[in-house]
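The block underneath contains the structure these notes are about, expressed in structure tokens.
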Amino acid sequence: MDLQRRLLPSMSMLTAFEAAARTGSFTAAAAELSLTQGAVSRQVKALEEQIGTALFVRKGQRVTLTPTGALYADPVRDALRQIAAATVRTIAAPKGGVLNLAILPTFGTRWLVPRLPAFQAAHPHVTIHFTTRLAPFDFRVHDLDAAIHYGTGDWPDAVCDHLLDEEVLPVCSPAFLAAHPLSGPADLPALPLLHTSTRADAWNDWLAAQGLAPRPGAGMVFEQFATTAQAAEAGLGVALLPTLLVRGELADGTLVPAIDRPHRSARAYYLVHPRGKANHPPFAAFRQWLLAEARGEVQGESPPG
């Protein structure tokens with residue numbers, strides 16, 4: 001531990017170095033840190049002496065990172081960001097109940113968030129910090145405790161809890177259906193079909209399940225289900241959407257089945273976490289609650305709202 005302390009520069013040295021590395025100027029770094037230019041210069045010089053090598057080349061009012069300084073700057077910047085993030089989390093939840101959770105945007109807003117008041121009532125000291133992720137990522141790199149993931153249960157170096165299967169249904173606005181009456185699934189490929197980029201093969205899978213050939217070409221493409229649903233409501237075409245994410249629209253009639261042929265997707269929703277997070281108290285509480293919510297969904301209990 002004594003060796004580690006000797007190798008650990010002071011925070012004032014590191015913040016002065018990071019600001020100068022980013023701005024390329026001791027003067028600009030000093031203005032940002034509310035210090036004098038001389039104070040920044042002294043902090044950087046002390047850091048260079050502790051490390052035993054030059055980090056900057058001084059050229060008049062400008063400073064340029066040496067090759068060693070450039071290699072050092074990124075990990076220092078990342079470490080300072082992590083310290084700042086940890087400080088924000090501690091301020092937001094001083095009792096330590098913080099869960100950093102990655103969510104899928106539409107699943108999060110339409111399925112998860114309406115249920116969260118019940119979790120907060122049962123666990124008032126747990127604070128959830130959300131970030132949106134559309135694709136898998138490396139838990140070793142990103143400061144996250146868990147993620148809600150759509151796909152297969154094979155996330156590397158992580159535990160995957162199955163939450164929900166996904167059933168998709170072709171839907172459109174009532175006005176669009178009235179203008180384009182359909183006699184069966186074979187009529188659909190001739191209509192404008194709306195696509196969601198995260199489910200690139202969804203329409204082909206649905207058509208194959210109906211015994212039809214893949215549809216040539218492509219219609220409008222949207223990044224998220226919420227936007228695809230809005231496009232369908234606006235009468236732009238037929239969208240293939242998960243029924244659990246458009247319950248409200250189907251209930252109030254703003255969307256209707258174009259063809260009442262739901263199809264079970266090959267992939268599903270999972271709660272994913274690194275193996276070392278299983279006993280993290282906020283995550284353990286959230287995991288138990290979320291799995292119970294998913295079981296209730298499967299058993300047909302009424303969703304909130």
Side-chain angles (χ1 to χ4, degrees), residues 85 89 92-93 95-169 196 198-202 205 224-226 241-247 262-305:
R89 291 195 299 270
K95 296 186 179 180
V98 175
L99 173 66
N100 294 308
L101 180 68
I103 60 171
L104 300 165
T106 308
F107 183 90
T109 57
R110 297 199 173 198
W111 191 90
L112 178 61
V113 170
R115 291 168 164 77
L116 282 180
F119 175 77
Q120 287 290 280
H123 304 279
H125 299 310
V126 174
T127 299
I128 304 177
H129 293 173
F130 294 98
T131 185
T132 299
R133 299 277 177 173
L134 289 171
F137 54 89
D138 191 340
F139 278 115
R140 295 169 298 180
V141 175
H142 296 88
D143 184 23
L144 291 164
D145 300 312
I148 293 179
H149 159 61
Y150 176 81
T152 57
D154 58 355
W155 195 303
D157 301 317
V159 177
C160 298
D161 294 310
H162 178 271
L163 293 175
L164 297 164
D165 291 322
E166 182 179 79
E167 178 186 84
V168 294
L169 181 70
T196 306
T198 53
R199 304 287 196 277
D201 296 326
D205 292 342
Q224 298 179 15
F225 279 129
L241 296 172
T243 54
L244 66 86
L245 301 183
V246 290
R247 281 202 184 103
H263 172 63
R264 177 70 57 85
S265 302
R267 293 174 287 177
Y269 294 94
Y270 292 86
L271 176 65
V272 185
H273 68 276
R275 297 185 186 279
K277 290 288 185 179
N279 296 321
H280 178 48
F283 171 70
F286 180 77
R287 181 188 191 188
Q288 182 180 27
W289 171 82
L290 186 62
L291 292 176
E293 287 293 310
R295 287 194 297 271
E297 172 83 26
V298 172
Q299 292 166 5
E301 296 178 7
S302 298

Any side-chain heavy atom of [X] sitting closer than 4.5 Å to one from [Y]?
X      : Y      : result
His123 : Phe286 : no
Thr131 : Arg133 : yes
Leu116 : Phe130 : yes
Phe225 : Val246 : no
Asp161 : Leu290 : no
Thr243 : Val168 : no

What closest approach, in Å, do [X] and [Y] show between heavy atoms, and which atom pair accounts for it?
X      : Y      : answer
Val159 : Arg287 : CG1-NH2, 4.0 Å
Gly151 : Tyr270 : O-CE1, 3.3 Å
Gly153 : Cys160 : C-SG, 3.8 Å
Ala121 : Pro124 : O-CD, 3.8 Å

So, taking the atom named [atom1] in [X] and the one named [atom2] in [Y], what distance separates them when rounded to the nearest 0.5 Å?
X      : Y      : atom1 : atom2 : answer
Trp111 : Thr106 : CH2   : OG1   : 14.5 Å
Leu104 : Arg110 : CG    : CZ    : 14.0 Å
Ile103 : Thr132 : CD1   : OG1   : 5.0 Å
Leu163 : Leu291 : CG    : CG    : 6.0 Å
Glu167 : Leu244 : CD    : CG    : 9.0 Å
Asp205 : Arg199 : CG    : CZ    : 11.0 Å

Check: Trp155 ring centre within less than 6.0 Å of His149 ring centre:
yes
Does the ring centre of Tyr269 sit less than 6.0 Å away from the ring centre of Phe107?
yes
Give a yes or no on whether Gln120 atom CD has more than 12 heavy-atom contacts from other residues, nucleotides or ligands under 6.0 Å away.
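Result for CD/Gln120: enclosed.
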Could you tell me if Arg275 sits above the aromatic ring of Phe139, with its cationic atom closer than 6.0 Å to the ring centre and no more than 45 degrees from the axis?
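Relative to the ring axis of Phe139, which defines the angle, Arg275 lies outside at least one limit.
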Applying side chain to side chain contact (heavy atoms under 4.5 Å, CB included) between Phe283 and each of Leu101, Leu271, Val98, report the one that passes.
Leu271
For [X] and [Y], indicate whether the former's side chain and the latter's backbone hold a donor-acceptor pair under 3.5 Å.
X      : Y      : result
His273 : Ala284 : no
Gln224 : Thr198 : no
Asp145 : Asn100 : yes

